[in-house]
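Report on the following structure.
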There are 2 protein chains.
Amino acid sequence: MTQIPLARRSPIPPESCNLASAIEVVGDRWTLLILRAALYGVRRFDDFQAELKCPRTVLSGRLKGLVDAGLLVKRPYKAPGKRARPEYTLSAMGLSLRPILIGLTQWGDAWLGVGESPPISFTKAGTKAAIRAAFVDADGREVRPDQIRTVIRG
Amino acid sequence: MTQIPLARRSPIPPESCNLASAIEVVGDRWTLLILRAALYGVRRFDDFQAELKCPRTVLSGRLKGLVDAGLLVKRPYKAPGKRARPEYTLSAMGLSLRPILIGLTQWGDAWLGVGESPPISFTKAGTKAAIRAAFVDADGREVRPDQIRTVIRG
DNA sequence: AGGTCTGGATTTAGAAAGCGAACCCATACA
DNA sequence: TGTATGGGTTCGCTTTCTAAATCCAGACCT
């Protein structure tokens, strides 16, 4: 196994690290579960609540936070014959988290799955071949994990 | 923008979803910050504490949790001329989260960066060309996000 | 118009977790 | 023998979480 060299501190302090900032935004159980549901198409308050089984206060607060952060857009939704209600849809910012959550799904399949075949898989449109999260260079060719180098002050 | 079709519930319930399970394991602010530091080479209790500035009780609990979940390995570490102490290193399970955290870093660079060039970038060994997190098919060729199809009960 | 239903919340009070500071313990070294 | 150091735990206090009840606005019904 590739061992990471010992360090006393990370190369950049958390307060100026975009990974740490991203963790501040999405690094929360309920927030991640909301994003999971949203990526599956859930948009309405009560649907989120039924899905997550979390206190409505928490849901209300997390939705506000995600709207403030720009991951969700709140806008009125008008079902025919019903009054207008808000719905929460993913912005481009929120949608762009999809590869990360798919990667996390596959990590869960690999390490937490109870042995059965994963209930959800992902394929390339038009084919049946499974896809996986990986690294690619500028030309879209895969880079193996052991070939990755970290460069500071890029 | 590709819109996700409305759904009242997610296609699989959270309790049998490996993504939801993964979120239970790593979906926590301190846990993610610990993994971030570990991926940069931090291994020792006090180094984690100096890095995260979190209460030692919380750090202690999260490290235990990560060891129990199998992401970290706790083993004695013997510096020359010092007494043996525990160190926490990433297992294969923990190391395999690296693509996801790099992906999250790049998401942060794209959406949260304050305008400057990202302080950390990743390249392929031997070259200067930047790499990025993406999806590939079985042959290692990139699959664009809009080409991803979700298949249930795969 | 009045009553009811429904989705989208806020209020309230008790339980859990987070937090900072102080303390403890084992061992290398002077 | 004493001191320094790394790796924790204990102790109160504050914040956050949680569950249940309540509120509110707009359709729909009669």
Side-chain angles (χ1 to χ4, degrees), chain A residues 6-10 14-15 20 23-35 37-38 41-69 72-89, chain B residues 6-10 14-15 20 23-35 37-38 41-69 72-89:
Chain A
L6 174 66
R8 307 300 311 273
R9 299 298 294 268
S10 62
E15 54 273 19
I23 290 172
E24 299 299 318
V25 175
V26 301
D28 170 83
R29 190 177 113 91
W30 293 123
T31 299
L32 286 166
L33 289 171
I34 288 171
L35 290 172
V42 176
R43 294 184 200 168
R44 310 215 279 246
F45 190 92
D46 272 24
D47 293 344
F48 281 115
Q49 211 274 322
E51 176 82 16
L52 306 193
K53 293 170 185 63
C54 76
R56 301 168 79 77
T57 45
V58 172
L59 179 57
S60 173
R62 293 298 194 284
L63 287 173
K64 258 195 202 54
L66 283 167
V67 169
D68 290 350
L72 292 181
V73 177
K74 179 180 185 175
R75 70 174 147 224
Y77 169 88
K78 182 74 178 63
K82 302 265 186 178
R83 56 177 282 225
R85 296 185 179 289
E87 69 172 3
Y88 300 87
T89 56
Chain B
L6 174 66
R8 309 299 310 274
R9 298 298 294 269
S10 63
E15 55 273 19
I23 290 171
E24 299 300 316
V25 175
V26 302
D28 170 83
R29 190 176 112 93
W30 294 124
T31 299
L32 286 167
L33 289 171
I34 288 170
L35 290 171
V42 176
R43 294 184 200 168
R44 309 216 279 247
F45 190 93
D46 270 23
D47 293 344
F48 281 114
Q49 211 274 321
E51 177 81 15
L52 306 193
K53 293 170 185 64
C54 77
R56 301 168 78 79
T57 45
V58 172
L59 178 57
S60 173
R62 293 297 195 283
L63 288 173
K64 259 194 203 50
L66 283 167
V67 169
D68 290 350
L72 292 182
V73 178
K74 179 181 187 175
R75 71 175 146 224
Y77 170 87
K78 183 74 178 64
K82 302 266 186 176
R83 55 179 281 224
R85 296 183 180 291
E87 69 172 3
Y88 300 88
T89 56

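Each chain gets a letter, A, B and so on, in the order the sequences are listed, and its residues count up from 1. Predicted model, so just to flag it, every value in this text is computed and none were measured.
- A:Leu66 places a side-chain heavy atom less than 4.5 Å from the side chain of A:Leu35.
- Among A:Val73, A:Val42, A:Val67, A:Ile34, the single residue meeting the side chain to side chain contact (heavy atoms under 4.5 Å, CB included) criterion with A:Tyr88 is A:Val67.
- Side-chain contact between B:Arg44 and A:Arg8 is present, with at least one heavy-atom pair separated by less than 4.5 Å.
- Between A:Asp46 atom CG and C:dT10 atom P the separation is 13 Å, expressed in whole Å.
- Judged by distance alone, with hydrogens and angles left aside, the side-chain atoms of B:Glu51 form a donor-acceptor pair with the main-chain N or O of A:Ser10 at under 3.5 Å.
- One can place CD of A:Gln49 at 16 Å from P of C:dT6, the figure rounded to the nearest angstrom.
- If you walk DNA chain D from 5' to 3' and mark each nucleotide with an atom closer than 4.0 Å to a heavy atom of chain A, the marks span D:dC17 to D:dC28.
- Contacts of B:Phe48 with the nucleic acid, taken as non-hydrogen atoms under 4.0 Å apart, are absent.
- Atoms CG and CD, from A:Leu63 and A:Gln49 in turn, are 11.0 Å apart once rounded to the nearest 0.5 Å.
- Rounded to whole Å, the distance from CG on A:Asp47 to P on C:dA9 is 12 Å.
- Shown here for B:Ala50 and A:Arg9, the closest heavy-atom pair between the two residues is O-NH2, 3.2 Å.
- Looking at heavy atoms from C-beta onward, B:Glu24 lies in side-chain contact with A:Leu33 at the 4.5 angstrom threshold.
- Non-hydrogen atoms lying under 4.0 Å from DNA chain D are contributed by B:Lys74, B:Arg83, B:Arg85, all within residues 74-85 of chain B.
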Please write out each protein N/O paired with an N/O of nucleotides 19-21 of chain C under 3.5 Å, distance rounded to 0.1 Å.
unit_1, atom_1, unit_2, atom_2, d
C:dC19, OP2, B:Trp30, NE1, 2.8

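- Inter-residue side-chain proximity for A:Ser60 and A:Phe45 is flagged as met; some heavy-atom pair is nearer than 4.5 Å.
- Note on A:Arg56 versus A:Asp46: salt bridge recorded, some NZ/NE/NH1/NH2 to OD/OE distance being below 4.0 Å.
- Of the charged side-chain nitrogens involved, at least one lies within less than 4.0 Å of a carboxylate oxygen, so that B:Glu87 and B:Arg75 count as a salt-bridged pair.
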